[in-house]
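Letters A, B, ... are given to chains in the order of the sequence lines, protein chains preceding strands, and every chain is numbered from 1.
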Amino acid sequence: MILQALNAYYERLAADPESDVAPYGYSRQQIAFVVVVNADGSLHEIQDARVEDGKGKLRNQSLIVLGNSKPTGSGINPCFLWDNTAYALGYKAKDEKPERTRKAFEAFRKRHLDAEAEVDDPEFGAVCRFLESWSPDGAESHPTLTDAPTGFGVFKLRGATHFVHEQASVKAWWEAMATDSASTEEASESQCLVTGLVGPIARLHEPKIKGVWGGQPAGALLCSVDTAFTAATSYGKSQGGNFPVGETPAFQYCTALNRLLDRANNRRLSVGDTSVVFWTAKPSPAEAWIAELFNPSTKAEDETTLSKVRPLLDAIARGSFPPEFDDPNSPFYVLGLAPNAARVSVRFWRECTLGDFLDKLRQHYADLEIVRGPNDFPYPALWRLLAETARESKDIPDLLEGAMLRAILTGQPYPQMFYAALLRRIQADREVRFVRAAAIKACLNRNSRFGINPLEEELPMALDQERPESAYQLGRLFAELEKTQEDALPGINDTIKDRYFGAASSTPASVFPRLIRMNQHHLGKLERGNRTYHERRIQEIAGRIDGFDSHLSMPNQGLFAIGYYHQRQDIFTKKAAAEAPDTVEAS
Amino acid sequence: MTAYQGQRSHISLRIWGDYACFTRPEAKVERLSYDVITPSAARGVLEALYWKPEVRWVVERIHVYREPRFTNLRRNEVASKASAANAKQAMNGTPAGTLALYADEDRQQRAATILTGVEYIIGARFEVLDDSEPVAKHYNMFKRRAERGQCFHRPYLGTREFACDFAWVEGPIPASPLTGERDLGWMLHDLVFTPLDKNQEKLADTLCAHTGRPLKAEPRFFRAQMHDGVIEVPPLQHATAESVG
């Protein structure tokens with residue numbers, strides 16, 4: 001259904017005059033410069049076509065040009081009225097193959113001059129005169145070319161408000177030529193798997209898919225069978241013949257996907273190496289917010305976006321459908337793509353309704369809800385969760401991202417790999433931060449809901465002194481023992497947490513007796529009132545523990561971490577509420 | 001084609017398995033499965049249990065008992081197919097090239113998005129090409145084989161790795177827990193093989209195994225609509241009827 005949904009998205013865009021989507025036979029390209037020529041074909045100037053983005057960085061302009069994406073391969077393939085500097089001007093900064101560049105320019109010039117009589121347009125004629133008289137040696141004197149060597153260029157007449165390729169007679173000629181060549185080409189006919197209609201099928205699906213993070217800059221194909229991978233071909237068919245898609249639907253789905261992937265349209269987000277795009281079948285204001293809802297940015301510079309997203313997230317977390325999102329029954333699509341050299345592979349695909357999607361998102365954030373410090377943002381972004389599973393982001397396994405996304409969007413348990421990695425990180429750096437505690441709690445609760453290691457009751461957001469699991473109580477005890485030490489020996493470098501957290505959370509029987517002995521020593525250093533306070537708290541917890549387990553299972557290690565985190569948060573919130581422990585003791 | 005009036009040729013077979021991958025043609029390389037079993041995959045299961053040159057299976061209905069659930073997997077797949085031309089030459093006594101395929105030298109790692117935990121009942125009938133034998137003979141033979149768990153080769157769910165369990169279903173078919181209408185889009189029905197004349201050999205996709213005649217192999221797609229967990233499969237000949245012409 002991916003191609004069908006994308007095809008429908010294109011049709012939705014095509015019906016909307018404001019969308020400005022490229023029609024069949026055209027494509028959007030990243031334009032970096034404009035060659036402005038006089039009416040007699042002499043060069044006026046070479047303009048920088050780049051525009052500043054929101055962050056003050058110069059970016060190429062996206063313009064609709066004639067033809068599909070730039071043909072790949074080592075052959076000489078000039079485009080029409082647009083191309084890179086090597087083809088259009090015979091110049092390449094830091095050129096290693098001047099021979100090839102010269103040939104490229106000659107081919108470009110020949111293609112245009114050959115077409116001149118047929119096109120018969122004065123503006124096009126001016127470009128032809130320019131190509132005839134232009135000498136590539138002069139290119140170096142134009143700083144635009146030396147500054148902005150990547151990206152394509154287009155042509156324009158001095159004083160004109162449009163580009164030459166936008167001229168009506170040029171377009172008319174182009175379209176007539178495109179239909180001509182399509183009908184003469186021996187395209188095989190078959191039933192299209194997108195529309196079900198019989199017609200000529202596309203051998204290669206153009207335009208190429210660009211903008212998948214980590215993919216080839218020239219673009220890649222979503223559907224392709226490379227000639228070397230013969231195991232994927234059937235009945236002697238080659239390339240597109242193995243998966244018949246009509247020429248128009250092929251163009252439409254590729255164009256629609258490119259548009260979704262275009263950063264400027266805010267329909268995508270990156271999770272690890274997966275590029276995720278999403279859209280609704282009917283236009284909905286929700287589309288503009290999904291990326292933020294999923295990946296709320298917490299940076300200070302995004303304060304204004306955050307101030308708009310926060311109320312939306314709060315509303316969703318309360319279980320209400322934001323009325324400005326329009327129709328909750330509108331079909332909603334999520335597509336996760338991963339790069340693989342010249343191909344993009346589907347890592348994830350889901351269709352549901354907008355209402356269902358928000359409901360699953362609510363469940364996700366509800367599972368993550370846990371007591372937190374004043375500076376912790378309550379809706380951790382997916383990349384934050386994944387970042388907690390590895391020391392560096394490159395260590396996050398590729399498949400984990402798709403699996404997490406699937407778990408969130410379907411409401412299924414989070415991948416076991418995610419939970420195991422979280423525990424491993426906690427063991428390694430002995431740090432139970434807000435995001436980690438939230439993620440562990442979410443894993444345990446969700447597993448329990450699906451009958452995997454069921455808990456007697458759901459883990460709450462904040463400390464529950466009555467919880468029956470001894471692992472949870474051991475975690476609490478460890479937090480109290482640590483606090484006693486911190487109070488007894490302020491400013492100590494190595495606390496018991498740094499030394500014993502790993503052992504305490506996996507093999508409590510081996511360390512807790514020693515920790516208790518040390519605790520006696522720490523208590524001795526405290527003043528009387530303080531000592532009683534700590535003793536009481538420790539005794540309260542110890543009373544709930546039958547004995548120290550020799551070994552804690554994976555689910556129990558998670559409970560230990562939650563118990564520790566809850567108790568630790570409790571200590572600090574109590575302290576904030578009641579100033580000093582003495583006053584607590586006195587009351 | 002047949003004269004089997006009054007004789008039973010309709011069967012129901014329950015099939016299930018832990019994993020399945022009914023690869024979408026457009027996602028053959030990095031595999032992505034259809035949501036449910038395709039008619040041609042269902043035919044493959046039936047043929048694994050019982051295949052005779054006189055019998056043609058026609059899948060009529062697919063009952064879906066579990067919500068489609070996907071998971072990701074990476075597998076090593078071989079990049080090429082063993083050469084049929086070489087095999088043919090070897091059979092003729094003039095070996096020309098290698099017959100073997102060395103998986104460890106020719107493998108590529110590919111991502112696959114597959115289904116987990118599937119369960120279907122296939123509603124099918126068979127057509128008999130040679131009516132000198134009673135239809136009941138084929139029916140009973142299939143039934144006996146299905147009940148005993150016999151098969152010519154292990155039936156599988158889309159790809160060979162995903163073996164499939166099966167059981168004979170007697171009597172009414174249980175209702176599916178899935179409810180409502182669902183459009184699953186255009187789905188591969190099966191391939192249609194059209195014999196070509198000798199002079200059209202260039203257009204041929206494959207050759208007939210028995211006669212060596214050139215054949216054109218064309219995929220046919222149908223709009224899969226699931227109604228309360230049941231997908232009605234149109235006859236293959238009519239799969240494109242509404243769209244052609």
* Asked: With distance as the sole criterion, is a donor-acceptor pair present between the side chains of B:Gln89 and B:Thr94 under 3.5 Å?
  -> no
* **Heavy-atom proximity to chain A below 4.5 Å, by part of B:Thr113** => side chain
* Interface moiety of B:Leu184 toward chain A, non-hydrogen atoms closer than 4.5 Å -> backbone
* **Structural part of A:Val245 lying under 4.5 Å from a heavy atom of chain B** => neither
* **Region of A:Arg347 in contact with chain B, defined by heavy-atom distances below 4.5 Å** => both
* To do: List for me each residue that meets side-chain hydrogen bond (donor to acceptor under 3.5 Å, both in side chains) alongside A:Ser345, sequence neighbours excluded, and say none if there are none.
  => none
* Is it the side chain or the backbone of B:Tyr34 that comes within 4.5 Å of chain A heavy atoms, both, or neither? -> neither
* Structure fact -> If one checks every heavy atom of B:Arg31 against chain A at 4.5 Å, the contacting part turns out to be neither
* To do: Pick whichever of A:Ala338, A:Gly241, A:Ser234, A:Gly240 has the most heavy-atom pairs under 4.5 Å with chain B.
  => A:Ser234
* Would A:Arg446 and A:Ser448 count as having a side-chain donor-acceptor pair, cut-off 3.5 Å? -> no
* **Closest-packed option against chain B by number of heavy-atom pairs under 4.5 Å, given A:Thr230, A:Val346, A:Leu193, A:Val225** => A:Leu193
* To do: Pick one of side chain, backbone, both or neither for A:Thr410, based on which atoms fall under 4.5 Å of a heavy atom in chain B.
  => neither
* To do: Could you tell me which portion of B:Ala217 (side chain, backbone, both or neither) has an atom closer than 4.5 angstrom to a non-hydrogen atom of chain A?
  => both
* Distance-only polar pair, side chains of A:Thr233 and A:Asn242, donor-acceptor under 3.5 Å -> no
* Asked: Would B:Glu54 and B:Lys52 pass as an ion pair if we require N to O under 4.0 Å?
  -> no
* Checking side-chain contact (heavy atoms from CB on, under 4.5 Å) for the pair B:Val36/B:Met187: CA distance, chi angles, key distance, verdict? -> CA-CA 10 Å; B:Val36 299; B:Met187 178 186 272; 3.5 Å; yes
* Asked: For the ring pair A:Phe332 and A:Trp279, is the centre-to-centre distance below 6.0 Å?
  -> no
